[in-house]
Number of protein chains: 2
Amino acid sequence: MRLLPHPATEDIQLTEVLRALADPVRLEIVGRLSTCGEMTCGDAGDQLGVHKSTASHHYRTLREAGVIVSKQEGRVVYISLRRHDLDARFPGLLDSILAASPMTAGAPVPL
Amino acid sequence: MRLLPHPATEDIQLTEVLRALADPVRLEIVGRLSTCGEMTCGDAGDQLGVHKSTASHHYRTLREAGVIVSKQEGRVVYISLRRHDLDARFPGLLDSILAASPMTAGAPVPL
DNA sequence: CCTATAGTTGGATCGTTGTCAAACAATCGG
DNA sequence: CCGATTGTTTGACAACGATCCAACTATAGG
């Protein structure tokens with residue numbers, strides 16, 4: 001198992017996070033992760049409507065902004081929200097964005 | 001007094017708001033507005049470090065995203081945060097962003 | 001009317017970004 | 001070892017965006 005490089009919690013920048021989430025495709029990825037928890041890149045990108053290389057680019061953007069973390073296991077890469085880190089760095093930010101997102105509005109917030 | 005065109009509250013899009021705030025200059029503008037309330041474009045852009053036309057472009061971006069509103073009175077244009085509208089549309093979003101912003105962190109949230 | 005003031009608009013430039021396609025890399029199953 | 005699976009990387013391209021400068025508009029003051 002290999003963790004792909006991502007910024008430390010204290011190095012996560014607000015503008016980077018906002019920029020990462022200011023894209024419909026990436027917002028949908030984050031929305032799915034918020035309800036489904038950890039999932040593979042393939043599952044996350046299945047109904048995204050973009051080429052798999054485009055999706056890969058978005059995963060990288062989200063990872064480098066500190067929004068998600070990628071764990072490589074064998075052939076597959078599992079991605080998940082850095083919910084705890086984001087909440088520690090920017091309290092309430094992720095929750096309010098998820099609540100505002102059409103995708104996840106109404107869905108219960110996981111503990 | 002003339003109100004410059006801006007989207008209705010229900011037409012404010014999350015991705016547009018996030019994109020508008022995902023810029024250091026615009027985030028600083030919003031930070032100042034949050035603490036100073038209504039102010040002129042000149043005052044808002046005084047120590048921004050960008051050309052006045054650049055600042056004007058940012059005001060337009062923020063306005064079209066639904067983040068601020070511009071009132072023209074004579075020669076000067078007053079800009080202010082659409083705090084109430086944003087809170088109605090995306091509860092908690094603006095507050096969490098302002099709280100996360102280095103500029104306004106620690107500053108009290110106005111009523 | 002003339003000039004200074006307050007911003008906006010248009011053009012030019014330059015870097016960034018979203019997208020796809022193709023090539024590549026790494027792994028797993030026979 | 002071979003082929004299928006899973007993603008990543010690279011290249012190309014078009015669109016966007018941030019910036020500055022210059023020109024413009026509109027108002028206020030003398």
Side-chain angles (χ1 to χ4, degrees), chain A residues 1-6 13-30 32-33 36 38-80, chain B residues 1-6 13-30 32-33 36 38-80:
Chain A
M1 203 268 290
R2 189 166 67 94
L3 225 62
L4 272 62
H6 59 283
Q13 299 300 315
L14 177 61
T15 52
E16 295 299 301
V17 172
L18 295 178
R19 195 181 53 80
L21 297 178
D23 179 279
V25 174
R26 288 194 290 264
L27 197 57
E28 183 165 343
I29 294 171
V30 169
R32 291 192 188 185
L33 287 177
C36 303
E38 192 175 68
M39 55 198 310
T40 69
C41 290
D43 290 343
D46 256 353
Q47 288 163 314
L48 233 45
V50 295
H51 197 274
K52 64 172 181 171
S53 63
T54 302
S56 180
H57 154 68
H58 286 310
Y59 301 144
R60 172 196 270 259
T61 301
L62 286 168
R63 178 165 45 81
E64 291 180 345
V67 178
I68 68 173
V69 64
S70 307
K71 279 184 283 185
Q72 188 161 18
E73 274 182 47
R75 273 180 304 183
V76 306
V77 175
Y78 291 94
I79 55 179
S80 54
Chain B
M1 203 270 290
R2 190 166 66 94
L3 225 62
L4 272 61
H6 59 282
Q13 298 301 314
L14 176 61
T15 52
E16 296 300 302
V17 172
L18 295 178
R19 194 181 53 81
L21 297 179
D23 178 279
V25 174
R26 287 193 292 263
L27 196 57
E28 184 166 342
I29 293 171
V30 169
R32 291 191 189 187
L33 287 177
C36 303
E38 191 174 67
M39 55 199 308
T40 69
C41 291
D43 290 343
D46 256 352
Q47 288 162 316
L48 233 46
V50 295
H51 197 274
K52 66 172 182 174
S53 64
T54 303
S56 180
H57 154 68
H58 287 310
Y59 301 143
R60 172 195 269 260
T61 301
L62 287 168
R63 178 166 44 83
E64 289 180 346
V67 178
I68 69 173
V69 63
S70 307
K71 280 184 281 185
Q72 188 163 17
E73 274 182 47
R75 275 179 304 183
V76 305
V77 174
Y78 291 94
I79 55 179
S80 53

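We use all heavy atoms of the structure for the numbers below, so side chains are in, but hydrogens, waters and symmetry mates are not. Chain letters run A, B, ... following the sequence lines, proteins first and then strands; every chain starts at 1.
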K.L.:
Of the listed nucleotides (C/dT17, C/dT8, D/dA18), which one gets closest to any side-chain atom of B/Tyr59?
P.N.:
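Selected nucleotide (nearest to the side chain): C/dT8.
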K.L.:
In Å and rounded to the nearest 0.5 Å, what is the CD1 to CG distance from B/Ile68 to B/Leu4?
P.N.:
9.5 Å
K.L.:
With distance as the sole criterion, do the side chain of A/Ser53 and the base of C/dA21 form a donor-acceptor contact below 3.5 Å?
P.N.:
yes
K.L.:
Would you compute the distance between atom NE2 of B/His6 and atom CZ of B/Arg63 and round it to the nearest 0.5 angstrom?
P.N.:
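Between atom NE2 of B/His6 and atom CZ of B/Arg63 there are 9.5 Å.
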K.L.:
Calculate the interatomic distance between B/Tyr78 atom OH and C/dT8 atom C1'; express it in whole Å.
P.N.:
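One finds 18 Å between C1' of C/dT8 and OH of B/Tyr78, rounded.
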K.L.:
Side-chain N or O of A/His58 versus OP1/OP2 of C/dT19: is the shortest distance under 4.0 Å?
P.N.:
yes
K.L.:
Between C/dT19, D/dT5, D/dC21, which one does the side chain of A/Arg75 approach most closely?
P.N.:
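So the nucleotide nearest the side chain must be D/dT5.
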K.L.:
5'-most contact on DNA chain C: A/Gly49 or A/Glu73, nearest heavy atom basis?
P.N.:
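Final value for this comparison: A/Gly49.
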K.L.:
Would you kindly give the CZ-to-C1' distance between B/Arg26 and D/dT19, to the nearest whole Å?
P.N.:
12 Å
K.L.:
Measure the distance from NE2 on B/His51 to P on C/dG7 and round it to the nearest whole Å.
P.N.:
14 Å
K.L.:
In whole Å, what is the span from the CD atom of B/Gln72 to the P atom of D/dA26?
P.N.:
10 Å
K.L.:
Taking the minimum atom-to-atom distance to the side chain of A/Thr54, which one of D/dA18, C/dT19, C/dT27 wins?
P.N.:
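Taking heavy atoms from C-beta onward, the closest nucleotide is C/dT19.
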K.L.:
Quickly work out the A/Glu64 CD to C/dT17 P distance and round it to whole Å.
P.N.:
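Result: 10 Å.
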K.L.:
Name the closest nucleotide to the A/Val76 side chain, picking from C/dT17, D/dG7, D/dT19.
P.N.:
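Between C/dT17, D/dG7, D/dT19, the one nearest the side chain of A/Val76 would be D/dG7.
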K.L.:
Would you mind reading off the distance between A/Leu21 atom CG and C/dG18 atom P, rounded to a whole angstrom?
P.N.:
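In whole Å, C/dG18 P lies 12 Å from A/Leu21 CG.
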K.L.:
Is there side-chain contact between B/Leu62 and B/Leu21, with at least one heavy-atom pair below 4.5 Å?
P.N.:
yes
K.L.:
Ignoring backbone atoms, establish whether A/Arg60 has a side-chain N or O less than 4.0 Å from OP1 or OP2 of D/dT9.
P.N.:
yes
K.L.:
Between A/Arg19 and C/dT17, is there a side-chain N or O to OP1/OP2 distance below 4.0 Å?
P.N.:
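Looking at the OP1 and OP2 atoms of C/dT17, one of them is under 4.0 Å from a side-chain N or O of A/Arg19.
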K.L.:
Touch check for A/Thr61, heavy atoms < 4.0 angstrom, all strands: base, sugar-phosphate only, or nothing?
P.N.:
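Touches nothing.
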K.L.:
Tell me, do A/Leu48 and A/His58 make a side-chain contact under 4.5 Å, heavy atoms counted?
P.N.:
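Counting from C-beta outward, A/Leu48 and A/His58 never come under 4.5 Å.
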K.L.:
Provide the closest heavy-atom pair for A/Val77 versus A/Ser70 in the form atom of the first, atom of the second, distance.
P.N.:
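Minimum heavy-atom separation between A/Val77 and A/Ser70: CG1-CB, 3.8 Å.
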K.L.:
Please state how far atom CD1 in B/Ile79 lies from atom P in C/dA6, giving the value in whole angstrom units.
P.N.:
15 Å
K.L.:
Can you tell which of C/dT17, C/dT8, D/dT8 lies closest to the side chain of A/Val77?
P.N.:
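In terms of side-chain proximity for A/Val77, the closest of C/dT17, C/dT8, D/dT8 is D/dT8.
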K.L.:
To the nearest 0.5 Å, what is the distance between CZ on A/Arg32 and CG on A/Asp46?
P.N.:
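Result: 7.5 Å between the selected atoms.
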K.L.:
Let's see if you can work this out: which of C/dC20, C/dG18, D/dC20 has an atom nearest to the side-chain heavy atoms of A/His57?
P.N.:
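The answer is C/dG18, which lies nearest to the side chain.
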K.L.:
Report which part of the nucleic acid B/Arg2 touches: base, sugar-phosphate, or nothing (heavy-atom distance under 4.0 Å, all strands).
P.N.:
nothing
K.L.:
A/Lys71 NZ to D/dG7 P: how many Å, rounded?
P.N.:
15 Å
